[in-house]
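Keep in mind it's a predicted model, so treat the numbers as computed, not measured.
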Amino acid sequence: MRMFDLLTSGVIFAGRRGWGVVAALGLAFGVTLALGGSWARWVYLLFLLFPALEDARTGYVSDGWPLVLSVCGALLMLSRGAFLLCLLTGVGMGALYGLLYLISKRSLGLADVFLAAASSLWLLPMYGLLSLWLTSLAALLWCAFLLLRGRLGRRTEIRFVPFLAIGGALAYGVQETVGMAFLLASLGLSSL
């Protein structure tokens, strides 16, 4: 099996091996942070890309991806001293998506709820809200595209994790570039 297929098919987290994969990825990420790896921020994009591709291919997201995102996000934000703010974002987004899950008569999947909460652990609160907005906008644009092509109906299945990945990646990009510097300057803090 090719590496790409392994990462996007759900096989990598199957059985007991899944816990070992989560632990190994978390440990590798922690070592990277400890060594001062500046490329650690790109890991977020990879950990969003693979579940998005898995959902697009199979309609399913492995339980390991939200767990890996949570562990690595917590490690990153602990190293930056922003853990409590990001925990607030993760809990808030998890509660919001959980409410949407209950209201929507389960048309939103539980994997969407867990992945939204886990990916929000990497974001400060205002960027978590930006992620929600960008995710919704991306899904709306896709639905408009399908509607214009005559392919959108009441029973059309829209897999939501790719839109979560788009919204999360864009919000994280803004946070890590102009947003973080602006926020820290407004709080009178030095760079993280």
Side-chain angles (χ1 to χ4, degrees), residues 1-14 18 21-22 25 29 41-73 76 86 89-90 92-123 127-177 179:
M1 179 177 278
R2 293 184 345 220
M3 181 59 82
F4 179 79
D5 291 334
L6 181 69
L7 292 171
T8 61
S9 66
V11 174
I12 194 169
F13 293 110
V21 171
V22 169
L25 289 172
F29 186 78
R41 66 179 58 158
W42 296 101
V43 170
Y44 179 69
L45 300 177
L46 286 175
F47 287 164
L48 283 177
L49 175 67
F50 293 127
L53 292 173
E54 182 179 350
D55 188 39
R57 288 179 70 192
T58 66
Y60 172 81
V61 176
S62 301
D63 296 336
W65 288 120
L67 189 56
V68 166
L69 270 168
S70 298
V71 167
C72 294
L76 178 66
C86 293
T89 307
M93 286 296 142
L96 179 66
Y97 278 94
L99 182 63
L100 289 174
Y101 171 76
L102 294 173
I103 290 172
S104 69
K105 298 178 185 171
R106 300 190 189 342
S107 63
L108 185 71
L110 261 176
D112 302 327
V113 175
F114 292 138
L115 203 64
S119 67
S120 295
L121 284 174
W122 293 68
L123 302 169
Y127 299 105
L129 293 174
L130 178 63
S131 170
L132 174 67
W133 187 81
L134 291 169
T135 298
S136 301
L137 180 63
L140 179 68
L141 290 173
W142 179 249
C143 289
F145 173 74
L146 291 178
L147 183 65
L148 289 173
R149 295 195 59 205
R151 298 183 66 202
L152 185 67
R154 285 184 58 111
R155 302 217 188 266
T156 303
E157 181 179 308
I158 306 290
R159 296 181 177 166
F160 198 64
V161 173
F163 304 112
L164 281 172
I166 291 168
L170 291 174
Y172 186 71
V174 171
Q175 173 182 289
E176 291 298 301
T177 55

>> Show the nearest heavy-atom pair for residues M93 and A116, with the distance to one decimal.
In response: CB-O, 4.2 Å
> Can you tell me how far CG of D63 sits from CG of L115, rounded to the nearest 0.5 angstrom?
Replying inline: 11.0 Å
> Looking at OH of Y172 and CG of L130, how far apart are the two atoms once the value is rounded to the nearest 0.5 Å?
Replying inline: 14.5 Å
>> Using 0.5 Å steps for rounding, measure from the CG atom of L141 to the CG atom of L146.
In response: 11.0 Å
> Hey, does the side chain of S131 reach the backbone of Y127 with a donor-acceptor pair shorter than 3.5 angstrom?
Replying inline: no
> Which atoms form the tightest heavy-atom contact between Y97 and L108, and what is the distance?
Replying inline: O-CD2, 3.7 Å
>> Counting C-beta onward and ignoring hydrogens, is there a side-chain heavy-atom pair between L69 and L48 closer than 4.5 Å?
In response: yes
> Roughly how far, to the nearest 0.5 Å, is the CH2 atom of W42 from the CG atom of L49?
Replying inline: 12.5 Å
> Any sub-3.5 Å donor-acceptor pair from T89's side-chain atoms to L123's backbone N or O?
Replying inline: yes
> Are any side-chain N or O atoms of Y44 and backbone N or O atoms of G73, one a donor and one an acceptor, separated by less than 3.5 Å?
Replying inline: no
>> Show the nearest heavy-atom pair for residues T156 and G153, with the distance to one decimal.
In response: OG1-N, 2.7 Å
> Can you tell me how far CG of L148 sits from SG of C143, rounded to the nearest 0.5 angstrom?
Replying inline: 11.0 Å
>> Treating D112 as the side-chain partner and F160 as the backbone partner, does any N or O pair qualify as donor plus acceptor under 3.5 Å?
In response: no
> How close do A118 and P66 get, heavy atom to heavy atom, and via which atoms?
Replying inline: CB-O, 3.2 Å
> Can L67 and F114 be said to form a side chain to side chain contact (heavy atoms under 4.5 Å, CB included), step by step?
Replying inline: CA-CA 9 Å; L67 189 56; F114 292 138; over 6 Å; no
>> Can you give me the closest heavy-atom contact between C72 and F29, atom names plus distance?
In response: O-CE2, 3.1 Å
>> Between W122 and L76 (side chain of the first, backbone of the second, donor and acceptor by atom type, cut-off under 3.5 Å), is there such a pair?
In response: no
> When rounded to the nearest 0.5 angstrom, what distance separates CG in L137 from CZ in F163?
Replying inline: 10.5 Å
>> Looking at R159 and A56, would you say the former's side chain and the latter's main chain have a donor-acceptor pair under 3.5 Å?
In response: yes
> L121 and G90: which non-hydrogen atoms are nearest, and at how many Å?
Replying inline: CD2-CA, 4.1 Å
> Would you say T58's side chain and Y60's backbone share a donor-acceptor pair under 3.5 angstrom?
Replying inline: yes
